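Structure first, commentary second.
Here the structure is a predicted model, which is why all the values come from computation and not from measurement. Lettering of chains follows the sequences in order, A, B, ..., and the numbering in each one begins at 1.
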Number of protein chains: 2
Amino acid sequence: MNALGYALLGMLMRKPCSGYELTQLLEVFWQAKHSQVYPLLTKLEQDGLVTFVHVEQTGKPDKKIYSITDEGQTLLTQWVTKPSAPPVIRDEFLAKVYAIGLTDTNTAKRLFRERIFSFEEKVAFRKEEISQMQEEYGSELEQITCRHFGRYLLFQRKLKLEEEEIAWCHWVLGLLDNTKINATAKK
Amino acid sequence: MNALGYALLGMLMRKPCSGYELTQLLEVFWQAKHSQVYPLLTKLEQDGLVTFVHVEQTGKPDKKIYSITDEGQTLLTQWVTKPSAPPVIRDEFLAKVYAIGLTDTNTAKRLFRERIFSFEEKVAFRKEEISQMQEEYGSELEQITCRHFGRYLLFQRKLKLEEEEIAWCHWVLGLLDNTKINATAKK
DNA sequence: ACAACCATGTAACGCGTTACATGATTGC
DNA sequence: GCAATCATGTAACGCGTTACATGGTTGT
């Protein structure tokens, strides 16, 4: 089985979820579209690692709520302690930074300011998620015994990294300013 | 054309490179194997965006050194200012953290200590890369006019994020210790 | 001896995205 | 009226990995 399969099992340890919900919750540490998640869940179900119940809703479409089975838990537990594949990062913006010399200073600044803006949105969103969790579960959240501990750790991590990204952008903007001052000074 | 194609063009702006070298240099912001890079370079060459010269070597296999063409530069320049696709991150370790509650505290600690170790190696390597660059190019490196400016920015960014990852792991280890203390205190 | 590095390439397969398909409800 | 949210699914395609193939040199 592949990493995404295990990731879904792991998320179902926290609480039973629909495929729709899993697709969204995935965002903190993986990216996958529903078109990948739904067929995988069907496969996990066929393999006896998860089960689902139909839930009828009014005013919303019906949904399938998936739960992890004992068999699924056994497999997942084995997987958790195995060595992990190195993280994969693919960031188009960074590819553009590589070639930033092609643009003028002002355009470069604009690009970094836009990056800051998009990450500030993420940070605000992340902080909300964290404080919501803290309100709901309190200090219990910081114990490994809490069902939401893992997710909480990932939120804190994401927040830190997003803030660091912003700090880096500001540092770059500083460099871009210096360049301009020196150029002006030389005149 | 896809993002990797542009990424390769961007790297060739800095200096002409072989496919082998490009595959390695890619590591700061993208991941791709040589089996993907070589055919893409062939395609870029057919499209007139890069050219190459055969370089015979003694004691080493011959290589092809690729350079970006004017046409390639035009295309790349257009691309740089376009909005970027959101970054993609897929990290198996983080998927495991989600389900960390399945393991005992000691195993969890071991996993985080291993993560710290692997990131400390990365940090050490990154610092070397940065100081090598600084020795070679000096303060010129911090100007947008420097050919290596973009790459330098990416190195600094990676270093920061890798250090932040380590700090997060230490924070988690602290939480795991607290849990243990409370459990002991309760006895 | 054996692994690692340099260097390029192809083929098969699996993972992931885009697009197509449906349909009710809520907010602007 | 139009977009967004909720909810699930399939099909086609493109991106990315694994494995196969070759072969000399350097270091342990």
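- For the OP1/OP2 pair of C:dC15 and a distance below 4.0 Å, the side-chain nitrogens and oxygens of A:Gln36 include no atom meeting the criterion.
- Closest approach to the A:Leu4 side chain among C:dA7, C:dG16, D:dT18 is made by C:dG16 (side chain taken as heavy atoms from C-beta onward).
- The interatomic distance linking A:Asp62 (CG) with D:dA7 (C1') rounds to 9 Å, in whole Å.
- Among the heavy atoms of the strands lying under 4.0 Å from A:Lys60 are primed sugar atoms or P, OP1, OP2 only; no base atom is included.
- Side chain of A:Gln57, nearest nucleotide from C:dG16, D:dA7, D:dT10: D:dA7.
- Using a 4.0 Å cut-off between charged nitrogen and carboxylate oxygen, B:Lys96 and B:Glu92 count as a salt-bridge pair.
- Results of the salt bridge (charged side-chain N to carboxylate O under 4.0 Å, His left out) test with B:Glu165 over A:Lys160, A:Lys158, A:Arg157 single out A:Arg157 as the only residue that passes.
- Between D:dC6 and A:Tyr20, a contact under 4.0 Å exists linking OP1 or OP2 to a side-chain N or O.
- Between the C1' atom of D:dC15 and the OH atom of B:Tyr6 lies a distance of 16 Å, rounded to the nearest Å.
- If A:Met1 and B:Lys64 are placed on DNA chain C by their nearest nucleotide, the residue sitting closer to the 5' end is B:Lys64.
- One finds a side-chain N or O of A:Arg90 lying less than 4.0 angstrom from the OP1 or OP2 phosphate oxygen of D:dG16.
- The residue among A:Pro61 and B:Val88 whose nearest nucleotide of DNA chain C is located toward the 5' end is B:Val88.
- As a whole-Å value, the separation of B:Gln31 CD from D:dT17 C1' is 13 Å.
- Straight-line distance from the CG atom of A:Asn2 to the C1' atom of D:dG16: 14 Å, rounded to whole Å.
- Rounded to an integer number of Å, the gap from A:Tyr66 OH to D:dG9 C1' is 10 Å.
- Atom CG of A:Leu26 is separated from atom P of C:dT17 by 10 Å (rounded to the nearest Å).
- When distances are taken from the side chain of A:Ser35 to each of C:dC6, C:dT10, C:dT17, the shortest belongs to C:dT17.
- The phosphate of C:dT8 has OP1 or OP2 within less than 4.0 Å of a side-chain N or O from B:Tyr38.
- Side-chain contact between B:Met1 and B:Leu49 is present, with heavy atoms from C-beta onward closer than 4.5 Å.
- One can place CD of B:Glu56 at 18 Å from P of D:dG23, the figure rounded to the nearest angstrom.
- A ring-centre distance under 6.0 Å is found for A:Phe93 and A:Phe112.
- When the nucleotides C:dT8, D:dT8, C:dT18 are ranked by their closest atom to the side chain of A:Lys33, C:dT18 comes out on top.
- We find that CG of A:Leu44 is positioned 16 Å from C1' of D:dG9, with the value rounded to whole Å.
- Of the candidate nucleotides D:dA19, C:dG16, D:dT8, D:dA19 has the atom nearest to the side chain of B:His34.
- At a threshold of 4.0 angstrom between heavy atoms, the contacts of A:Gln24 are confined to the sugar-phosphate backbone, with no base atom among them.
- In this structure, A:Tyr152 has its ring center at least 6.0 angstrom away from the ring center of A:His148.
- Neither A:Ile89 nor B:Val28 shares a network with the other; the hydrophobic side chains, linked directly or stepwise wherever heavy atoms of I, L, V, M, F, W or Y lie under 4.5 Å apart, form separate groups for each.
- Using a 4.0 Å heavy-atom criterion, one finds that A:Glu21 contacts no nucleic acid atom at all.
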